[in-house]
Q: 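Structure provided below as structure tokens; questions to follow.
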Amino acid sequence: MLKIYNNLTNQKEIFVPIEPGKVRMYVCGITVYDYCHIGHSRAYIVFDMVTRYLRHAGYDVTYIRNITDIDDKIIQRANENNEDFHELTKRFIEAMHEDFNKLGILMPDIEPKATDNIPAILKMIETLIEKGFAYQADNGDVYFAVSKFDHYGELSGKRIEDLRAGERVDIDTNKRDPMDFVLWKTAKEGEPFWESSYGKGRPGWHIECSAMSTEMLGNHFDIHGGGQDLQFPHHENEIAQSECCTGEKFVNYWMHNGFVRVNEEKMSKSLGNFFTIRDVLKEYRAEEIRFFILSSHYRSQINYSDEQLDQSRSGLERLYSALLDVETGDVPQGTEYQQRFEGAMNDDFNTADAIAVLFDLARELNRTKAEKSTEVVALASLLRYLAGIIGLLEADAAEFLKSSVTDDGLSDESIDQKVAQRHQAKADKDWTLADQIRDELTGAGIILEDSADGTRWRR
RNA sequence: GGCUGGUUGGCAGAGUGGUUAUGCAGCGGCCUGCAAAGCCGUGGACGGCGGUUCGAUUCCGCCAUCAGCCUCCA
């Protein structure tokens, strides 16, 4: 029985889909004006893991992850580059797909872009105005009137009075209430725009997600996810817009992943303390990043550091080493390992605990390998199968262990050659030469392992 | 100031009202020409103060402390 921590109630709840056997899920995607960083990677690895597990659990999942391809930052960046904003977003969408693909993040079922959904957005704004939840201000912008929605603040646990009393609310004379937020923004000179009955302009950020999710998943769907920083105001605003527009409940389960920190501080664009995925991929294998992200529970905060990635590397090498030289075949059913693994995953997607099961399994596999038991194939198959549920251990073991991200200047062939030389030296009992070759390779980051079947190397 | 969520062994990180997490690192042993990998064994922990309880790291309260949100943000 799957339990999910629901931010609407701040407790774990048994997951019951609206339609039996089906899950409709929407996750807020990237605003594409720059390369994705490790913080972004966490959000999308997490929801990729959620999608994979839901499918494993037998649900027919429709997963939508949008792309915000029009907003102030995009316009600003495009101006700086002196390029059309479409060109800019196209480049970064391609880069994002490239990065995500390496990290084992599967494509969502639908990946809608805001600019492709302007009619749906305008339709929603129109309904909100008709129903009296939104108004056009003197400057042409259309705002949502927060005070008209009784449930405002329910998701984030905030009260409107507290928010109004807050020091950081901008005073904007065009708004009737400082809490109101923009649905349609009038275009300034030279800015991209779409025609509408409110004049030339572009959609606000919040309305995009409301419009695209309800358009594609229906007024009421199962899961809505995103980073913790989106809980307020973005998701709060989505609820307000959607429920006021449709008159129905919007989402049953709200899930938010925790942040990635750097030196105990949130990794973010504005703080400038971010590491892009492609930069990290110069030092670490993609799966090491995925493993690092999944080794903690998705709601906890994690600290990014080389030491962490190094530990993930060691852990992953242990798991792949266990799989080395073992055939895989039929996956044994109903094992205790699988029960434990699924028990962990059913407990609000506890990947940390689930990965511990993988290590237990690897230990038994190693033990069994030494005994040359017939159990070996079954255990290895099970290990791959369980890990595969969360998108891990999908590479060939030998290939993974021999792969390298940094160039050591040695080709696989030249290493094989040196290993062969050393093999001869060993046969001649020339330990000095054998050790000399090994030291040389060690210095280049190549680790040799002798066994009865010969010598194996890895990077 | 309001609201969230944390505080576990050297590091990372699960979990539990009384019993081994797990990984990395350490120590001892086995294996090995020596290593490495692997196996076996092993030390080491639950922020502070109260309360509930036969018993709390686990439940409750207070305090301290950290991070986050309240402005764009995964």
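Both backbone and side-chain heavy atoms feed into the values below; hydrogens, waters and symmetry mates do not. Lettering follows sequence order; numbering is per chain, from 1.
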Q: Name all pairs fulfilling the salt bridge (charged side-chain N to carboxylate O under 4.0 Å, His left out) condition that reach into residues 436-446 of chain A, sequence neighbours left out, sorted by first residue then second.
A: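 Those involving residues 436-446 of chain A are A:K418-A:E440, A:D435-A:R438.
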Q: Is any side-chain N or O of A:N350 closer than 4.0 Å to OP1 or OP2 of B:G15?
A: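 True: A:N350 side-chain N/O within range (under 4.0 Å) of B:G15 OP1/OP2.
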Q: Which residues within residues 421-431 of chain A lie with some heavy atom under 4.0 Å of an atom in RNA chain B?
A: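 The stretch gives A:R422, A:K426, A:W431 as the residues lying under 4.0 Å from the strand, ordered by number.
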Q: Would you mind reading off the distance between A:L230 atom CG and B:G68 atom P, rounded to a whole angstrom?
A: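 Answer to the nearest Å: 16 Å.
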Q: Expressed in angstrom and rounded to an integer, what is the separation of A:D347 atom CG from B:G15 atom C1'?
A: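 So the two atoms are 10 Å apart, to the nearest Å.
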Q: At under 4.0 Å between heavy atoms, what does A:R456 touch on the DNA or RNA strands: base, sugar-phosphate, or nothing?
A: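 A:R456: no heavy atom of the nucleic acid under 4.0 Å.
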Q: I'd like to compare against my own output: the B/S/- annotation of nucleotides 36-48 of chain B with a strict under-4.0 Å heavy-atom distance to protein.
A: BSSSS--------
Q: Within the 4.0 Å heavy-atom criterion, would you say A:S296 contacts the bases, only the backbone, or no part of the nucleic acid?
A: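 If one applies the 4.0 Å heavy-atom cut-off, A:S296 turns out to touch the sugar-phosphate alone, with no base involved.
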Q: Expressed as a whole number of angstroms, how long is the span from A:E236:CD to B:C72:P?
A: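 Atom CD in A:E236 sits about 14 Å away from atom P in B:C72.
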Q: Could you tell me how far apart A:M345 (CE) and B:U22 (P) are, to the nearest whole angstrom?
A: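 Rounding to the nearest Å, CE of A:M345 and P of B:U22 are 20 Å apart.
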Q: Check whether any side-chain N or O of A:K402 sits under 3.5 Å from a backbone N or O of A:R458 as a donor-acceptor pair, and report yes or no.
A: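 Here the side-chain-to-backbone pair does not exist.
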Q: Which letter, B, S or -, goes with each nucleotide of nucleotides 4-11 of chain B from 5' to 3', with contact meaning a protein heavy atom under 4.0 Å?
A: SS-----B
Q: Report yes if a donor N or O on one partner sits less than 3.5 Å from an acceptor N or O on the other, where the partners are the side chain of A:R42 and the base of B:A74; otherwise report no.
A: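 When only heavy-atom distances are counted, A:R42 does not reach the base of B:A74 through any donor-acceptor pair under 3.5 Å.
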Q: Just checking A:Y298 against A:F47, ring centres under 6.0 Å apart?
A: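 That pair fails the under 6.0 Å test.
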Q: Within the structure shown, what part of the strands sits under 4.0 Å from A:Y44 by heavy-atom distance: base, sugar-phosphate, or nothing?
A: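 Contact class for A:Y44: sugar-phosphate only.
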Q: When all nucleic acid strands are considered with a 4.0 Å heavy-atom cut-off, which category describes A:G258: base, sugar-phosphate, or nothing?
A: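 Touches a base.
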Q: Name all residues meeting the side-chain hydrogen bond (donor to acceptor under 3.5 Å, both in side chains) criterion together with A:D99; count only those two or more places apart in sequence or in a different chain, and write none if there are none.
A: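 With sequence neighbours excluded, A:D99 shows a side-chain hydrogen bond (donor to acceptor under 3.5 Å, both in side chains) to A:R278, given in chain and number order.
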Q: So for A:R159 and B:C3, does any side-chain atom that can act as donor or acceptor lie under 3.5 Å from a complementary atom in the base?
A: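 Check fails, no donor-acceptor contact within cut-off.
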Q: Could you tell me if the ring centre of A:H97 sits under 6.0 Å from that of A:F100?
A: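 Ring centres of A:F100 and A:H97 not closer than 6.0 Å.
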Q: Just checking A:S300: base, sugar-phosphate only, or nothing, at a heavy-atom cut-off of under 4.0 Å?
A: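 The answer is sugar-phosphate, as A:S300 gets under 4.0 Å only of primed atoms, P, OP1 or OP2.
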Q: If you take the centroid of each ring, where Trp contributes its six-membered ring, are A:Y253 and A:F15 closer together than 6.0 Å?
A: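 Here the rings of A:Y253 and A:F15 have centres that are less than 6.0 Å from each other.
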Q: Can you list the residues that meet the salt bridge (charged side-chain N to carboxylate O under 4.0 Å, His left out) rule with A:E327, with sequence neighbours excluded?
A: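 Here no residue qualifies.
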Q: Who passes side-chain hydrogen bond (donor to acceptor under 3.5 Å, both in side chains) against A:Q421, sequence neighbours left out?
A: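 Scan of A:Q421 (side-chain hydrogen bond (donor to acceptor under 3.5 Å, both in side chains), adjacent residues dropped) gives none.
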Q: To the side chain of A:M267, which of B:U22, B:C24, B:A74 is closest?
A: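 The answer is B:A74.
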Q: Once hydrogens and angles are ignored, does a donor-acceptor distance under 3.5 Å link the base of B:C69 to the side chain of A:K158?
A: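 Such a pair is found, so the answer is yes.
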Q: For A:R261, give me all partners under salt bridge (charged side-chain N to carboxylate O under 4.0 Å, His left out), at least two apart in sequence or on another chain.
A: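 Residues passing salt bridge (charged side-chain N to carboxylate O under 4.0 Å, His left out) with A:R261: A:E264.
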Q: So A:H297, base contact, sugar-phosphate only, or nothing? Heavy-atom distance under 4.0 Å.
A: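 Sugar-phosphate only.
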Q: Going by an N to O cut-off under 4.0 Å, is there a salt bridge joining A:R285 and A:E288?
A: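 Yes, this pair counts.
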Q: For this output row, return yes or no: ring centroids of A:H235 and A:H206 closer than 6.0 angstrom.
A: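 Ring-ring flag for A:H235/A:H206: false, centres at least 6.0 Å apart.
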Q: For residues 26-37 of chain A, run the donor-acceptor check on the side chains, cut-off 3.5 Å, and write out each pair with its distance to 0.1 Å, sequence neighbours left out.
A:
residue: A:Y26; atom: OH; partner: A:N66; partner atom: OD1; Å: 3.2
residue: A:H37; atom: ND1; partner: A:G39; partner atom: N; Å: 2.9
residue: A:H37; atom: ND1; partner: A:H40; partner atom: N; Å: 3.4

Q: Just to be sure I understand the rule, does A:V46 reach a base, reach only the sugar-phosphate, or reach nothing, if contact means heavy atoms closer than 4.0 Å?
A: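 Nothing, no heavy atom under 4.0 Å.
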Q: Rounded to whole Å, please give me the gap between CZ in A:F92 and P in B:A74.
A: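 In whole Å, B:A74 P lies 14 Å from A:F92 CZ.
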Q: Quick one: A:F232 CZ to B:C70 P, roughly how many Å, whole number?
A: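 To the nearest whole Å, that distance equals 8 Å.
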Q: For RNA chain B, whose closest nucleotide is more 5', that of A:N257 or that of A:D360?
A: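 Nearer the 5' end of the strand: A:D360.
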Q: Report which part of the nucleic acid A:F359 touches: base, sugar-phosphate, or nothing (heavy-atom distance under 4.0 Å, all strands).
A: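 Sugar-phosphate: the residue A:F359, judged by heavy atoms under 4.0 Å, touches backbone atoms but no base.
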Q: Could you write out RNA chain B as dot-bracket? Rules: Watson-Crick or G-U wobble, both distances under 3.5 Å, brackets [ ] for crossings, | for pairs with another strand, dot for unpaired.
A: (((((((..(((.....[...))).(((((.......)))))....(((((..]....))))))))))))....
Q: Sticking with atom P, work out how far B:G26 lies from B:U19, rounded to a whole angstrom.
A: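 To the nearest whole Å, 29 Å.
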Q: Mind calculating the distance between CG (A:D435) and C1' (B:U32) to the nearest angstrom?
A: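 Interatomic distance, CG of A:D435 to C1' of B:U32: 12 Å.
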Q: In whole angstrom, give the distance that lies between atom CG of A:D353 and atom C1' of B:A12.
A: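 To the nearest whole Å, that distance equals 15 Å.
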Q: For A:R52, check salt bridge (charged side-chain N to carboxylate O under 4.0 Å, His left out) against everything at least two apart and list the hits.
A: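 Expected list: A:D48, A:E394.
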Q: Between A:R456 and A:D450, does at least one N-O distance fall below 4.0 Å, as a salt bridge requires?
A: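 Between A:D450 and A:R456 there is no salt bridge, as every charged N stays at least 4.0 Å from the carboxylate O atoms.
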Q: Quick one: which residue pairs count as a salt bridge (charged side-chain N to carboxylate O under 4.0 Å, His left out) with a foot in residues 293-305 of chain A, not counting sequence neighbours?
A: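 Applying salt bridge (charged side-chain N to carboxylate O under 4.0 Å, His left out) to every pair that reaches into residues 293-305 of chain A, excluding sequence neighbours, yields A:R299-A:D348.
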